[in-house]
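In what follows, a single structure is set out as structure tokens and then discussed.
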Amino acid sequence: FVTVDAVVIQSGHVLLIQRRARPGKGLWALPGGFVNQDETLRDAVIRELREETRIKIPAPVLQGSIIKTQVFDHPDRSSRGRTITHAYLIELKPDAHGLPKVKGSDDAQAAHWTPLSALDPEHLFEDHYHIINALIG
């Protein structure tokens with residue numbers, strides 16, 4: 001399987017979704033999912049991010065905010081079987097209006113901005129804590 005994950009950072013917070021279904025139902029995760037046959041990886045990560053969080057930022061702004069990408073391909077990284085994910089670090093500029101409004105949708109029962117200092121690996125899906133740390137250092 002080929003998937004994408006969005007690590008969206010703004011003002012010391014990371015955007016997470018709460019998984020609606022198994023595996024990992026109820027755990028917090030990065031917005032992301034499977035790549036469609038007719039799309040690029042970059043298009044897939046923006047589509048999944050917007051579908052799952054309803055973030056009110058135009059797709060071109062999100063695309064232009066990608067500052068880093070990394071592949072995570074450990075054979076045992078997912079309980080779903082061999083799954084290779086392409087993670088994208090999207091850094092949004094601080095805004096006087098605060099963090100963008102988000103709402104869980106599609107595969108997400110909730111979406112929430114979490115302070116990076118409050119991340120708890122016990123409540124995060126599979127290797128998503130590791131992905132966040134690898135991309136932001």
key: Summary of ring-ring contact (aromatic ring centres under 6.0 Å, His included) pairs that have at least one residue in residues 43-70, sequence neighbours excluded   = none
ask   = Transitively linked via ILVMFWY side-chain contacts under 4.5 Å: Val61 with Leu99?
value = yes
ask   = Can you find a heavy atom in the side chain of Val7 that is under 4.5 Å from one in the side chain of Ile90?
value = no
query = Any salt bridge between Arg20 and Asp107, counting N to O under 4.0 Å?
reply = no
query = Should Leu116 and Trp28 be regarded as members of a common hydrophobic cluster, given that ILVMFWY residues are connected when their side-chain heavy atoms come within less than 4.5 Å of each other, either directly or indirectly?
reply = yes
Atom of Gly98, atom of Gln10 and distance for their closest heavy-atom approach = O-NE2, 3.6 Å
remark   = In Thr114, Ile131, Leu16, the residue satisfying side-chain contact (heavy atoms from CB on, under 4.5 Å) with Leu124 is Leu16
Distance-minimising heavy-atom pair for Pro100 and Trp113 = O-NE1, 2.8 Å
request  = Heavy atoms only: give me the nearest Pro115-His13 pair and the separation to one decimal.
outcome  = N-CD2, 3.5 Å
ask   = Is there a path of hydrophobic side-chain contacts, each under 4.5 Å between heavy atoms of I, L, V, M, F, W or Y residues, that connects Leu15 with Val45?
value = yes
ask   = Are the side chains of Leu119 and Tyr129 in touch, meaning some heavy atoms are under 4.5 Å apart?
value = yes
ask   = Is it the case that Gln63 and Asp43 place a side-chain donor and acceptor less than 3.5 Å from each other?
value = yes
query = Mind checking whether Pro75 and Arg82 have side chains closer than 4.5 Å, heavy atoms only?
reply = yes
inquiry  = Check for me, please, whether Val4 and Phe72 land in the same ILVMFWY cluster - side-chain distances under 4.5 Å, paths through other members count.
reply    = no
ask   = Are side-chain heavy atoms of Ile55 and Leu62 found at a separation under 4.5 Å?
value = yes
inquiry  = If hydrophobic clusters are built by linking Ile, Leu, Val, Met, Phe, Trp and Tyr wherever their side-chain heavy atoms come under 4.5 Å apart, do Val14 and Leu92 end up in the same one?
reply    = no
message = Run the side-chain contact (heavy atoms from CB on, under 4.5 Å) test on Gln70 and Leu135 for me, step by step, so that the C-alpha distance in whole Å, both residues' side-chain angles and the decisive distance to 0.1 Å come before the verdict.
response = CA-CA 7 Å; Gln70 188 170 335; Leu135 284 176; 3.7 Å; yes
query = side-chain contact (heavy atoms from CB on, under 4.5 Å) between His128 and Asp5: does it pass, once the steps are laid out?
reply = CA-CA 9 Å; His128 288 201; Asp5 287 304; 3.9 Å; yes
inquiry  = Keeping Arg42 on the side-chain end and Ile46 on the backbone end, is there a donor-acceptor pair under 3.5 Å?
reply    = no
Flag, side chain of Arg54 to backbone of Leu49, donor-acceptor distance under 3.5 Å = no
message = Within the structure provided, determine whether Arg77 and Thr83 are in side-chain contact (heavy-atom separation under 4.5 Å).
response = yes
Using distance only, find each side-chain donor-acceptor pair of residues 30-37 under 3.5 Å and give its atom names and separation, not counting sequence neighbours.
residue: Asn36; atom: ND2; partner: Glu39; partner atom: OE2; Å: 3.4

message = Heavy-atom count check: over 12 atoms from other residues, nucleotides or ligands less than 6.0 Å from Lys68 NZ?
response = yes
ask   = Are the side chains of Gln18 and Gln109 in touch, meaning some heavy atoms are under 4.5 Å apart?
value = yes
request  = Determine whether His86 and Val2 make a side-chain contact, defined as any pair of heavy atoms from C-beta on separated by less than 4.5 Å.
outcome  = yes
key: Atom NE2 of His123: over 12 foreign heavy atoms under 6.0 Å   = no
inquiry  = I'd like to know if the side chain of Thr85 and the backbone of Ala87 have a donor-acceptor N/O pair within less than 3.5 Å.
reply    = no
Side-chain H-bond candidate by donor/acceptor type, Asn133 with His130, under 3.5 Å = no
request  = Apply the test side-chain hydrogen bond (donor to acceptor under 3.5 Å, both in side chains) to residues Glu91 and Ser65: give CA-CA distance (whole Å), side-chain angles for both, the deciding distance (0.1 Å), then the verdict.
outcome  = CA-CA 6 Å; Glu91 187 169 357; Ser65 300; over 6 Å; no
ask   = By the rule that ILVMFWY residues connect when side-chain heavy atoms come within less than 4.5 angstrom, directly or transitively, which residues belong alongside Leu27?
value = Phe125
message = Show the nearest heavy-atom pair for residues Arg50 and Pro58, with the distance to one decimal.
response = NH2-CA, 4.3 Å
